[in-house]
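Naming: A, B, ... by sequence-line order, numbering from 1 per chain. Predicted model only: the values in this text are computed from it and were never measured.
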There are 2 protein chains.
Amino acid sequence: MPADRAQYRELARQLRSVHAVNREIARCLPHDCPAASAGLLTLLRTHGEMRMSNLTELLGIDMSVTSRHVAHAAERGWIERHPDPYDGRSRLLRLTESGQEQLEELSARASTMIENRLADWPPSDVATLNTLLGRLRASFGAAHTPEATRSDTYQATSDK
Amino acid sequence: MPADRAQYRELARQLRSVHAVNREIARCLPHDCPAASAGLLTLLRTHGEMRMSNLTELLGIDMSVTSRHVAHAAERGWIERHPDPYDGRSRLLRLTESGQEQLEELSARASTMIENRLADWPPSDVATLNTLLGRLRASFGAAHTPEATRSDTYQATSDK
DNA sequence: TATTGTTATACTCTATAACTATA
DNA sequence: TATAGTTATAGAGTATAACAATA
């Protein structure tokens, strides 16, 4: 049985408020490194070398946007783009050493800030929040059934 | 004692990914009602009539931005701005009946969509996520002043 | 003088569509 | 023809600074 309608409304509100938290975190980043770059570098470190299309999927944005962010990071020497030997249309992205250092710096700043704000949280709560947010992302990322959730065509049928 | 550094880094990543979820939810909203309007209307329903400055604080954004969003909503008849009898500089904001209907529609769309995606979640997990996100916002919210307010805000909204 | 709110300007993030170059 | 990626353009969301009106 799914949860109450009221719980979902509350969740929608809570998720919106995360936006403000993210802005707060982004404020402690270096000036030439916007939040989008940080996300990009993080994914490249976690998953290793990958193609534009792959990164686009992980970021959950349009490839045109990925292209801009990647260009920004490449101009600053944080990542390298080199041709895919198996597909001349593709470009493989890889973190440079400078990019790894940059990421280290970003990560340190962000986690220090979060640590300050969440100093009185029990570690188990932080862990739980991480787990649930990961599951949330999975629940949203996977189900790309366009018709069911598109504007104007919403219904309560949750069949799969 | 606080949590691991690695947990905070993970949290930063998870919070960023909420951005994609919010975009997905926003996509099912009516065309003339951006996400910012939805947040604004929700707060006005929950907290009732309030001033610009008050709303600004709750939204966690600059008042200039609030001013724009409020103007957008006022032009569409969702909220009314009338003078504060106690302070000629202030304006009091109130949901109109049309605004309440609009909010009802938005809320139904968003929660239906979330329900579809989270159909296989146990209700207790949804509740836990709501609680932790509420606490997160509280821990970040008013803490522009360093140590003083942190423990206060932590307890203030941990229950509902 | 200080505060409430508005407006002007600029920057970030995003999507759509048109384009290129390979496949 | 179809796909990978880029670029042009437009639209939300935000912040800073200059401003008006009131306290």
Side-chain angles (χ1 to χ4, degrees), chain A residues 15-40 50-76 79-93 146 150-151, chain B residues 15-40 50-76 79-93 144:
Chain A
L15 290 176
R16 260 198 306 264
S17 79
V18 170
H19 195 191
V21 172
N22 277 326
R23 261 194 338 270
E24 186 79 14
I25 295 175
R27 233 172 257 135
C28 76
L29 264 40
H31 274 67
D32 65 339
C33 186
S37 293
L40 193 152
M50 68 175 78
R51 294 157 42 146
M52 289 285 306
S53 55
N54 203 340
L55 185 57
T56 292
E57 166 115 25
L58 288 174
L59 287 170
I61 57 180
D62 192 88
M63 199 192 292
S64 65
V65 183
T66 309
S67 184
R68 282 200 172 277
H69 293 330
V70 163
H72 179 93
E75 283 165 14
R76 278 152 190 80
I79 69 178
E80 281 172 356
R81 292 181 280 194
H82 36 83
D84 182 341
Y86 299 105
D87 189 336
R89 300 167 301 179
S90 267
R91 303 177 80 168
L92 292 173
L93 311 174
R150 229 15 180 229
S151 149
Chain B
L15 290 176
R16 259 197 306 264
S17 79
V18 170
H19 194 191
V21 173
N22 277 325
R23 257 191 345 266
E24 186 79 14
I25 295 176
R27 234 172 257 138
C28 75
L29 265 39
H31 278 68
D32 64 337
C33 186
S37 293
L40 193 152
M50 68 176 76
R51 294 158 42 148
M52 289 286 306
S53 56
N54 203 341
L55 185 57
T56 292
E57 165 114 27
L58 289 173
L59 287 169
I61 57 181
D62 192 87
M63 198 192 294
S64 64
V65 184
T66 308
S67 185
R68 281 198 173 280
H69 292 330
V70 163
H72 179 91
E75 283 164 14
R76 277 151 190 80
I79 68 178
E80 283 172 355
R81 294 181 279 196
H82 36 84
D84 183 342
Y86 299 106
D87 189 336
R89 300 168 299 180
S90 269
R91 302 177 81 170
L92 292 173
L93 311 173
H144 272 323

Would you tabulate the pairs of protein nitrogen or oxygen atoms and nucleotide nitrogen or oxygen atoms of nucleotides 18-23 of chain D closer than 3.5 angstrom?
from   : atom 1 : to      : atom 2 : distance (Å)
D/dA23 : OP1    : B/Gly88 : N      : 2.8

Exercise. Could you check which of D/dG5, C/dA15, C/dC13 has an atom nearest any side-chain atom of B/Arg27?
Key: C/dA15
Quiz item: With respect to the side chain of B/Arg51, which nucleotide from D/dG13, C/dT4, C/dT12 is positioned closest?
Solution: C/dT4
Over how many whole Å does the gap from [X] atom [atom1] to [N] atom [atom2] extend?
X: B/Leu55; N: C/dT4; atom1: CG; atom2: P; result: 14 Å
X: B/Arg81; N: C/dT4; atom1: CZ; atom2: C1'; result: 13 Å
X: A/Asn22; N: C/dT12; atom1: CG; atom2: C1'; result: 14 Å
X: A/His19; N: C/dC13; atom1: NE2; atom2: P; result: 10 Å
X: A/Leu40; N: C/dC13; atom1: CG; atom2: P; result: 11 Å
X: A/Ile61; N: C/dA15; atom1: CD1; atom2: P; result: 7 Å
X: B/Leu92; N: C/dT4; atom1: CG; atom2: P; result: 13 Å
X: B/Arg16; N: C/dT14; atom1: CZ; atom2: C1'; result: 17 Å

Quiz item: How far does CD1 of A/Ile61 sit from OG of A/Ser67, to the nearest 0.5 angstrom?
Solution: 10.0 Å
For [N], does OP1 or OP2 lie under 4.0 Å from any side-chain N or O of [X]?
X: A/His72; N: C/dT12; value: no
X: A/His69; N: C/dT12; value: no
X: B/Arg23; N: C/dC13; value: no
X: B/Thr66; N: C/dG5; value: no

Using a 3.5 Å distance criterion without hydrogens, assess whether the side chain of [X] forms a donor-acceptor pair with backbone atoms of [Y].
X: B/Thr56; Y: B/Met52; answer: yes
X: A/Arg23; Y: B/Gly60; answer: yes
X: B/Arg68; Y: B/Ser64; answer: no

Quiz item: When the nearest nucleotide of DNA chain C is assigned to A/Ser37 and to B/Val70 on a heavy-atom basis, which residue is associated with the more 5' position?
Solution: B/Val70
Contact summary for [X] and [Y], nearest pair of heavy atoms:
X: B/Leu59; Y: A/Ala20; result: O-CB, 4.3 Å
X: A/Ala73; Y: A/Leu40; result: CB-CD2, 4.4 Å
X: B/Leu92; Y: B/Pro85; result: CD1-CD, 4.0 Å
X: A/Asp32; Y: A/Arg76; result: O-NE, 3.6 Å

Self-check item: Contact check, side chains of A/Glu24 and A/Arg27, non-hydrogen atoms, under 4.5 Å
Solution: yes
Quiz item: With a 4.5 Å limit on heavy-atom distance, are the side chains of B/Leu55 and B/His69 in contact?
Solution: no
Quiz item: With a non-hydrogen cut-off below 4.0 angstrom, is A/Ala26 in contact with a base, only sugar-phosphate, or nothing?
Solution: nothing
Could you list all N or O pairs between the protein and nucleotides 7-11 of chain D that sit under 3.5 Å apart?
none

